[in-house]
Amino acid sequence: MVFRSHMQAALAEAAAAGARGEVPVGAVVVDPAGQVVARAGNRTRELNDPTAHAEVLAIRAACAAAASERLPDHALYVTLEPCPMCAAAISAARVARLYYGASDPKSGGVAQGARVFSHPQCHHVPEVFDGIDGAAAEAMLKEFFEAKRKG
């Protein structure tokens, strides 16, 4: 099977989140057949919900579509390294593969900070692939925060 990245779809969701005034993070869930089954961008401000991160919203939608609380053999593409909350949700949903773009030294929970998947309490560890279109994701975040500081 040839690898096909779906990070461009996640980047589009991130751009849409940024246009709404949200931190530009986007996520898509891909089923075992390679089809995007859920997509989301951050909506924490819009929904007044601190858990409305792109990953959580995409996982919720994919689980609803699958009529299951688990997503075995699914892949999650997200533009930014998941925070500890999102990493725990990824583990709980049993997502098979995680692809992320930019690393997050401040709030990351995968390779930085809490490193959720390395804890003995973590019941499922997905395969993790980092740096997928990371420069594009990082540039979008930097532009967003630079505009916020100027405005």
Side-chain angles (χ1 to χ4, degrees), residues 1-66 68 70-71 73-117 126-151:
M1 178 189 249
V2 175
F3 172 73
R4 178 177 170 233
S5 176
H6 293 272
M7 191 59 79
Q8 288 302 311
L11 285 165
E13 290 297 322
R20 292 190 303 272
E22 300 279 356
V23 174
V25 177
V28 298
V29 177
V30 178
D31 72 10
Q35 300 300 310
V36 173
V37 294
R39 57 181 67 229
N42 276 357
R43 293 187 179 274
T44 59
R45 290 181 175 90
E46 175 187 341
L47 299 176
N48 299 311
D49 180 355
T51 70
H53 290 197
E55 302 95 307
V56 170
L57 296 174
I59 288 169
R60 287 176 184 163
C63 286
S68 175
R70 294 190 177 170
L71 300 168
D73 300 320
H74 285 65
L76 173 68
Y77 289 80
V78 62
T79 58
L80 181 64
E81 176 183 353
C83 72
M85 174 186 70
C86 292
I90 291 162
S91 178
R94 306 301 197 264
V95 171
R97 289 169 307 288
L98 167 64
Y99 300 91
Y100 69 86
S103 64
D104 188 353
K106 181 180 173 190
S107 300
V110 176
Q112 314 283 330
R115 295 187 175 131
V116 170
F117 301 140
E127 289 183 83
V128 178
F129 304 89
D130 64 351
I132 310 295
D133 287 329
E138 187 174 329
M140 191 180 302
L141 286 158
K142 282 184 178 179
E143 288 173 20
F144 176 83
F145 286 113
E146 283 174 7
K148 287 283 186 197
R149 283 191 283 279
K150 289 178 185 175

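Residue numbers count from 1 along this sequence. Computed from a predicted structure; not experimentally measured.
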Throw together a table of side-chain donor-acceptor distances under 3.5 angstrom for residues 127-138, partners on residues two or more places apart or in other chains.
residue	atom	partner	partner atom	Å
Asp133	OD2	Gln8	NE2	3.2
Glu138	OE2	Lys142	NZ	3.1

Exercise answer: donor-acceptor pairs, residues 22-32 side-chain atoms, under 3.5 Å, sequence neighbours excluded:
residue	atom	partner	partner atom	Å
Glu22	OE1	Thr44	N	3.2
Glu22	OE1	Thr44	OG1	3.3
Glu22	OE1	Arg45	N	3.1
Glu22	OE2	Arg45	N	3.1
Glu22	OE2	Glu46	N	2.8
Asp31	OD1	Ala33	N	2.9
Asp31	OD1	Gly34	N	3.0
Asp31	OD1	Gln35	N	2.9

Within residues 83-106 or reaching into it, pairs that qualify as side-chain hydrogen bond (donor to acceptor under 3.5 Å, both in side chains) - sequence neighbours excluded: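 Residue pairs passing side-chain hydrogen bond (donor to acceptor under 3.5 Å, both in side chains), neighbours aside: none found.
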Output every pair passing side-chain hydrogen bond (donor to acceptor under 3.5 Å, both in side chains) with a member in residues 54-65, not counting sequence neighbours, ordered by first then second residue.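 Pairs touching residues 54-65 that pass the test: Thr51-Arg60.
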May I ask you to decide if Ala111's main-chain N or O and Glu81's side chain share a donor-acceptor pair within less than 3.5 Å? yes
Which heavy-atom pair separates [X] from [Y] by the least distance, and what is that distance?
| X | Y | value |
| --- | --- | --- |
| Ala114 | Pro84 | CB-CG, 3.8 Å |
| Pro126 | Val95 | CB-O, 3.2 Å |
| Ala58 | Ala40 | N-CB, 3.7 Å |

Does some side-chain heavy atom of Met140 sit less than 4.5 Å from a side-chain heavy atom of Thr79?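 Contact flag for Thr79/Met140 side chains = no.
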Sort and list the pairs that fulfil ring-ring contact (aromatic ring centres under 6.0 Å, His included) and have at least one residue in residues 6-56, not counting sequence neighbours. His6-Tyr77
Which pairs, with at least one residue in residues 25-49 and sequence neighbours excluded, count as a ring-ring contact (aromatic ring centres under 6.0 Å, His included)?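 Qualifying pairs: none.
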Nearest 0.5 Å, please: how far is [atom2] in [Y] from [atom1] in [X]?
| X | Y | atom1 | atom2 | answer |
| --- | --- | --- | --- | --- |
| Leu98 | Ile90 | CG | CD1 | 5.0 Å |
| Glu13 | Asn42 | CD | CG | 10.5 Å |
| His74 | Ile59 | NE2 | CD1 | 11.0 Å |

